[in-house]
Amino acid sequence: MVDVEFLGFINDNRLFNPTDKVLLAVSGGVDSVVMAELFHRSGQPFAIAHVNFGLRGAESDADAVFVQNKADDYGVPFHLTCFDTAAVASARGVSIQMAARELRYVWFAQLLQENSYAYVATAHHQNDVLETLLLNLTRGTGLAGLHGISVRQNQVVRPLLFATRDKLAAYAKEHSLLYREDSSNADDKYARNRIRHHVVPVLNELNPGLWQTLPRTVERLRAAETLMRAEIDRSWQAIAEPHGEGTLLPIAKLLVLSELAFRLSEWLKPFGFVDEQIRQLVKALTQPSGLVIQSTTHRVVHERSGFLLAPLPVGINYKITLTDWPTEVVEVEGNFMLTTEVFDKPADFRLPIDSNIACLDADQLTFPLTVRSWKQGDKLRPLGLNGHKLVSDLLNDLKVSLTEREETAVLLSGDKIAWVIGRRIAHSFRITTKTRRIGRFIWQVKSSKVHL
């Protein structure tokens, strides 16, 4: 009966073709031993892989020998690797279970590529689905966490999800299959084991038909997630606007959406943002702009027009020194170009209207000239004003976005700011009726660099 259900489950879910060679992850426990037997009886081409995590000393070594002997009995290729899992977990600052999972799946991916296996099959079953669902529920989760374990995830397939642990154990007994008992499965220090030993039995008592209703519940949850995901993607496409190197979420469009906090959470989760940050964003919608939150890779800036999502800046902190009027274009940080020239002031001279072009009194400039990032404390007397002003205050007055602030540079004559590039020139370097020579500076953004 299990053999028939196994083949039916594979066909119903189109897990793989009869000619595909599948790599089986075999620990030596009853579940994976039954999986190997089912593959062998079905005639499906397969190989066996075993990971020795080095967590149970001689017991772990004996597991590896046992699995290798199984592969030899079946006459299939065998792959073995060993890890110092505890050391890896400590170095990465994660649990041993998390480290073990990451190590084995990375190794499986290498084996698939190196040996042209179509898929890797794991021996997860219905009990694993329920235990995972309950674990995720207690820790906090969305729909994806409630449907437990997927039948297929990229090149990982799980052909035993039709069966319970008891059914697989009964199959092993019926066919006199030998297997290894993992002593750690009895240790209640692991959360999954506590759920397995103490919670699931109670649920079975409450609902004797648990294993019949669970697959239907999981299927409904998967369907609900599919519909939810479609709506999340649709609404993102409807409101997200490309904005330079980032994406703008306009406030006017956000305010008319239902369940905004949930949508923001789903949109921003792939970029590393967490629930507390989402709550800050929702609260910021009715407050003045200025909030900045960031993950390890991205940030969201609350600007007047909306939330701007963009990768974290690499950091612009440059300094270019000019000892004389350059004869060639000066490249700054690979992103900007500065062109300069000096000429006698013509009688019909008119100031340019382009803010990225500055015409200064050349005779008021003192070499060396310096182009650098602005910094806190920088000040100048802007053209037309009587007093001095901090560059930071000038940028605030001009409502310059955070991203543009980080790219703002200044041109210094000696130690005096002559031009906040693209914003304002200094009053003392302006063109007057007494000006004889003009120094013209043209600041250009390279085509591959787009201001946000």
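One-based numbering along the sequence shown.
- Side-chain contact between H243 and L308 is present, with at least one heavy-atom pair separated by less than 4.5 Å.
- The heavy-atom pair separating L168 from V34 by the smallest distance is O-CG2, 3.5 Å.
- Between A49 and F108, the shortest heavy-atom distance links the atoms CB-CE2, 4.1 Å.
- Contact detail for M35 and P159: the closest heavy-atom pair is SD-CG, 4.1 Å.
- Between the side chain of Q44 and the backbone N or O of N17 there is at least one donor-acceptor pair closer than 3.5 Å.
- Across all non-hydrogen atoms, the minimal contact from S27 to D63 is O-CB, 4.1 Å.
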Would you check, one step at a time, whether the test side chain to side chain contact (heavy atoms under 4.5 Å, CB included) holds for M337 with V332? CA-CA 6 Å; M337 294 182 295; V332 182; over 6 Å; no
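- Here side chain to side chain donor-acceptor pair (under 3.5 Å) pairs that include residues 92-104, with residues two or more places apart or in two chains, are R92-E102.
- The backbone N or O of L412 lies less than 3.5 Å from no partner atom in the side chain of T370, so there is not a single donor-acceptor pair.
- More than 12 heavy atoms of other residues, nucleotides or ligands shown are found within 6.0 angstrom of CD on Q287.
- Note that the CD atom of Q212 and the CG atom of L210 stand 8.0 Å from one another [nearest 0.5 Å].
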L322/V330 under side chain to side chain contact (heavy atoms under 4.5 Å, CB included): CA gap, chis, key distance, verdict: CA-CA 9 Å; L322 307 177; V330 176; 4.1 Å; yes
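- The main-chain N or O of K283 is found under 3.5 Å from a side-chain atom of T286 such that the two form a donor-acceptor pair.
- Checking N207 against T213 by side-chain atom types alone, a donor-acceptor pair falls below 3.5 Å.
- In summary, D397 and R424 do not engage in a salt bridge, as defined by a charged side-chain N under 4.0 Å from a carboxylate O.
- Counting only residues at least two apart or on different chains, no salt bridge (Lys or Arg N to Asp or Glu O under 4.0 Å) pair has a member in residues 140-153.
- Residue L291 comes nearest to L281 through the heavy atom pair CD2-CD2, 4.1 Å, listed as atom of the first residue, atom of the second, then distance.
- Taking the side-chain contact (heavy atoms from CB on, under 4.5 Å) definition, one finds that S150 meets it with H147, R158, sequence neighbours left out.
- Residues in residues 1-12 take part in these side chain to side chain donor-acceptor pair (under 3.5 Å) pairs, two or more places apart or across chains: D3-Y171, E5-K167.
- In terms of modelled atom types and a separation under 3.5 Å, the side chain of H125 and the main chain of T164 share no donor-acceptor contact.
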Run the side-chain donor-acceptor check on residues 256-277: report pairs under 3.5 Å with partners two or more places apart or on a different chain.
residue, atom, partner, partner atom, Å
S258, OG, R263, NH2, 3.3
R263, NE, S258, O, 2.7
R263, NH1, E231, OE2, 2.9
R263, NH1, S235, OG, 3.0
R263, NH2, E231, OE2, 3.3
E266, OE1, R229, NH2, 2.5
E266, OE2, K269, NZ, 3.2
W267, NE1, I232, O, 3.1
E276, OE1, R279, NE, 3.2
E276, OE1, R279, NH2, 3.0
Q277, OE1, V274, N, 3.0
Q277, NE2, Q294, O, 3.0

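- The ring pair (Phe, Tyr, Trp, His ring centres under 6.0 Å) test applied to F39 returns F6, F16, not counting sequence neighbours.
- For F9, the ring pair (Phe, Tyr, Trp, His ring centres under 6.0 Å) partners two or more places apart in sequence, or in a different chain, are F162.
- In this structure, L248 CG and E241 CD are separated by 5.5 Å, a value rounded to the nearest 0.5 Å.
- Taking the ring centroids of H79 and Y117, they lie under the 6.0 Å cut-off.
- In terms of the salt bridge (Lys or Arg N to Asp or Glu O under 4.0 Å) criterion, R423 has no residue partners (sequence neighbours excluded).
- A donor and an acceptor atom, one from each side chain of N204 and W211, are located under 3.5 Å apart.
- A 4.5 Å side-chain heavy-atom check between F441 and L338 finds at least one atom pair inside the cut-off.
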In sequence, state the C-alpha distance, the side-chain angles, and the governing distance for W419 and I417, and then conclude on side chain to side chain contact (heavy atoms under 4.5 Å, CB included). CA-CA 6 Å; W419 182 29; I417 294 179; 5.8 Å; no
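- Interatomic distance, OG of S392 versus CH2 of W374, reported as 5.0 Å (0.5 Å rounding).
- Two residues are said to be in side-chain contact when any heavy atoms from C-beta on lie closer than 4.5 Å; V410 and R372 meet this criterion.
- One N or O on the side chain of H197 and one on the backbone of N193 form a donor-acceptor pair closer than 3.5 Å.
- In this structure, F78 has no ring pair (Phe, Tyr, Trp, His ring centres under 6.0 Å) partners at least two apart in sequence or on a different chain.
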Quick one: do N52 and D61 satisfy side-chain hydrogen bond (donor to acceptor under 3.5 Å, both in side chains)? Show the steps, please. CA-CA 7 Å; N52 183 343; D61 297 336; 2.9 Å; yes
Step-by-step side chain to side chain contact (heavy atoms under 4.5 Å, CB included) determination, T247 to W236: CA-CA 11 Å; T247 301; W236 170 267; 3.9 Å; yes
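- Listed for the S90 side chain is no donor-acceptor partner under 3.5 Å among the backbone atoms of A86.
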Distance-only criterion, 3.5 Å: show the donor-acceptor pairs between side-chain atoms of residues 65-74 and protein atoms not counting sequence neighbours.
residue, atom, partner, partner atom, Å
N69, ND2, V65, O, 3.3
Y74, OH, E37, OE1, 2.5

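- The nearest pair of heavy atoms linking L312 to S295 is CD1-O, 3.5 Å.
- The backbone N or O of R165 sits less than 3.5 Å from a side-chain atom of N127, completing a donor-acceptor pair.
- For residues 196-218, the salt bridge (Lys or Arg N to Asp or Glu O under 4.0 Å) pairs, not counting sequence neighbours, are E131-R196.
- Between I421 and T408, the closest side-chain pair of non-hydrogen atoms is not below 4.5 Å.
- N356 places none of its side-chain heavy atoms less than 4.5 Å from the side chain of Q444.
- Between V129 and V218 the shortest side-chain heavy-atom distance falls below 4.5 Å.
- Within a 6.0 Å sphere centred on NZ of K253, heavy atoms belonging to other residues, nucleotides or ligands number more than 12.
- Atom CH2 of W107 sits about 10.0 Å away from atom CD of E114, to the nearest 0.5 Å.
- For D378 (side chain) and K375 (main-chain N/O), a donor-acceptor pair under 3.5 Å exists by modelled atom type.
- Side-chain contact between K319 and V371 is absent, with no heavy atoms from C-beta onward closer than 4.5 Å.
- Put simply, the side chain of L254 reaches to within 4.5 Å of the side chain of F307, judged on heavy atoms.
- Not one N or O on the side chain of E181 forms a donor-acceptor pair closer than 3.5 Å with the backbone of G29.
- Listed by first and then second residue, the salt bridge (Lys or Arg N to Asp or Glu O under 4.0 Å) pairs involving residues 19-33 amount to none (not counting sequence neighbours).
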